[in-house]
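Heads up, the thing below is written out as structure tokens.
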Amino acid sequence: MPIHDLEKTFLDKIEREIKIEPRDWMPDAYRKNLVRQISQHAHSEIVGMLPEGNWITRAPSLKRKAILIAKAQDEAGHGLYLYSATETLGTSREETINDLHSGKAKYSSIFNYPTLCWADIGAIGWLVDGAAIINQVMLCRTSYGPYARAMVRICREESFHQRQGFEILLVLSRGSDEQKAMCQDALNRWWWPSLMMFGPRDSDSTHSDQSMKWKIKRMSNDELRQKFIDMIAEQVKVLGMTLPDPDLKWNAERKHYDFGEIDWAEFWNVVKGNGPCNKQRIEARTKAWDEGAWVREAAVAYAEKRKEKQPQTPKGALEAA
Amino acid sequence: MTTKYYYGDFGESGSGEITANNKKNVGIHSDAAGHDWPLWEVFIRSKQGLDHKHMGSLHATDAQMAIENARDVYTRRMEGVSIWVVESKHIHASNPDEAESLYDPANDKAYRHPTFYDLPDELKHM
Ligand SMILES: [Fe+2]
Ligand SMILES: [Fe+2]
């Protein structure tokens with residue numbers, strides 16, 4: 001089939017909401033766009049474990065430790081689902097991971113901020129996972145099948161992340177004056193970076209347009225951000241805390257909250273690698289990778305040894321037929 | 001040599017060439033990068049009495065490790081009572097361009113469906 005016919009079939013599927021599957025013809029640019037977006041999403045899940053991992057040993061109770069470990073496990077799983085989805089587009093796992101380690105691939109800038117106190121873990125769950133959920137719920141309807149399926153699985157697991165975060169803050173908000181202050185301080189520091197998670201304004205976004213046409217994204221950055229703000233501005237009342245934006249006000253006409261200007265200079269600065277923890281995060285990842293080399297080698301050696309010893313048909317193979 | 005595949009597109013010989021539409025060798029990486037472990041497809045039976053369903057894929061050195069990893073990744077919330085893993089290269093798939101040929105022969109055979117038969121209303125339980 002000539003290329004323009006293939007393209008027509010492809011666009012027709014997009015138009016009719018038929019998912020694109022790995023073996024279907026797709027434009028190179030669509031494939032490239034997906035590889036970039038899905039792998040960055042995967043990296044974000046993986047790097048996202050670092051700021052929280054910082055508090056696993058310091059969580060205030062055994063219950064909180066267990067919860068935080070469970071959350072970090074989920075995030076590792078999300079990373080895996082998404083790396084697998086990236087692989088369906090013809091890039092190898094290693095290549096994708098190399099791109100993270102070399103700094104070629106980006107991940108969500110939010111994880112370049114430090115977690116200074118326990119309340120930060122609450123703020124991350126509520127605000128950072130909350131923002132991620134808004135984005136991911138939209139992505140359940142993305143046009144690429146494997147990405148959409150990964151998102152459905154992820155969304156199912158995410159809601160506990162946000163709830164446990166809010167609960168951490170709720171406990172602090174009902175605690176001593178010092179705990180209340182901790183809670184407010186964490187919100188002050190995480191609010192603006194959370195809004196930046198949705199990316200540049202629609203008028204400045206480089207990738208949004210084509211992504212919308214191909215239905216990779218279904219809502220614009222600004223729409224998603226507004227949705228998030230409307231949700232959080234209401235929920236914060238339950239905490240009896242405030243959000244650090246004097247311009248945050250309900251607009252009855254728009255039926256949305258108005259909000260102040262995001263510091264875009266800070267946003268671009270962190271994206272470009274000059275955030276508080278950019279260097280530290282990548283170092284932690286490459287260190288883990290390098291120090292895990294012997295484990296990977298040992299696993300291969302062990303598998304080979306076992307293969308030599310074992311008969312070719314593993315037990316249980318027949319039952320599976 | 002590093003073998004690379006489009007997902008679900010593993011050819012017949014296992015030679016590792018990309019045979020998807022645009023035949024582009026997307027990012028073959030250097031030997032220095034090391035090697036991925038084989039890719040496995042994971043199928044999970046969520047409940048006794050139901051079919052195993054495709055859940056996703058993962059890398060593992062062998063079947064046992066694939067099952068262990070699948071358990072850790074895909075069944076953290078009682079999603080399954082049984083796991084199958086199969087190395088991805090053993091899956092052969094039909095060609096999506098030929099999907100129509102799967103539907104065509106059935107298109108004009110409406111009599112294969114129960115609703116094709118117009119029977120009197122008095123007839124119960126059928
Ligand atoms: Fe996640
Ligand atoms: Fe999460």
Side-chain angles (χ1 to χ4, degrees), chain A residues 1 3 6 9-10 20-28 31-32 35 70 73-74 76-81 83-99 145-146 149-150 153 156-157 160 289 293 296-304 306-307 310 314 316-317 319-320, chain B residues 2-10 18-30 32-43 52 54-67 69-70 72-77 79 82-86 88 93-97 99:
Chain A
M1 242 194 279
I3 284 283
L6 291 166
T9 312
F10 168 82
I20 307 301
E21 294 296 341
R23 301 186 72 215
D24 294 343
W25 187 92
M26 60 185 90
D28 281 348
R31 188 185 298 277
K32 241 180 97 187
V35 167
Q73 273 182 318
D74 277 355
H78 299 173
L80 174 77
Y81 305 157
Y83 281 134
S84 297
T86 314
E87 274 178 293
T88 66
L89 292 157
T91 52
S92 76
R93 180 76 57 91
E94 273 191 312
E95 188 182 352
T96 309
I97 290 175
N98 286 344
D99 283 350
R149 290 191 286 276
R153 216 167 283 139
R156 220 179 281 145
E157 300 185 349
F160 118 71
W289 180 257
R296 296 192 295 277
E297 282 158 25
V300 172
Y302 181 63
E304 266 159 20
R306 199 156 50 186
K307 209 187 287 169
Q310 260 179 7
E319 287 96 292
Chain B
T2 318
T3 52
K4 290 187 47 50
Y5 303 106
Y6 278 102
Y7 185 81
D9 182 16
F10 311 103
I18 292 174
T19 50
N21 50 63
N22 52 6
K23 302 250 189 324
K24 208 177 71 181
N25 262 357
V26 204
I28 293 285
H29 53 83
S30 70
H35 299 280
D36 278 337
W37 293 340
L39 189 64
W40 301 76
E41 300 302 319
V42 177
F43 300 82
H52 284 74
H54 185 238
M55 292 297 281
S57 55
L58 48 78
H59 288 277
T61 53
D62 63 9
Q64 188 183 331
M65 187 195 225
I67 287 179
N69 289 355
D72 288 347
V73 181
Y74 292 108
T75 65
R76 285 195 305 278
R77 289 179 176 80
E79 288 96 335
S82 160
I83 299 174
W84 290 351
V85 292
V86 58
S88 308
S94 64
N95 186 339
D97 299 339

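Being a predicted model, the structure only gives us computed values, none of them experimental. Note on naming: letters A, B, ... go to the chains in the order of the sequence lines (proteins, then strands), and numbering restarts at 1 for each one.
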Using the side chain to side chain contact (heavy atoms under 4.5 Å, CB included) criterion, which residues pair with A:Glu297? Sequence neighbours excluded. A:Ala293
Report the residues that fulfil side chain to side chain contact (heavy atoms under 4.5 Å, CB included) with A:Ala298, sequence neighbours left out, ordered by chain and then residue number. none
Set out, in order, the CA-CA distance, both residues' side-chain angles and the distance that settles side-chain contact (heavy atoms from CB on, under 4.5 Å) for B:Leu58 and B:Tyr74, then state yes or no. CA-CA 10 Å; B:Leu58 48 78; B:Tyr74 292 108; 4.1 Å; yes
Please classify the contact between A:Glu157 and chain B as side chain, backbone, both or neither, with a heavy-atom cut-off of under 4.5 Å. both
Expected output: side-chain A:Glu304 to main-chain A:Ala301 donor-acceptor under 3.5 Å: no
Ranking B:Met55, B:Met65, B:His59 by heavy-atom pairs under 4.5 Å to chain A gives rank one to B:His59
Engaged part of A:Gln73 at the chain B interface, taking heavy atoms whose separation is under 4.5 Å: both
Region of A:Arg296 that comes under 4.5 Å of a non-hydrogen atom in chain B: both
Can you find a heavy atom in the side chain of B:Leu39 that is under 4.5 Å from one in the side chain of A:Glu87? yes
Residue selection (most heavy-atom pairs with chain A, distance under 4.5 Å) from B:Gln64, B:His52, B:Glu79: B:Gln64
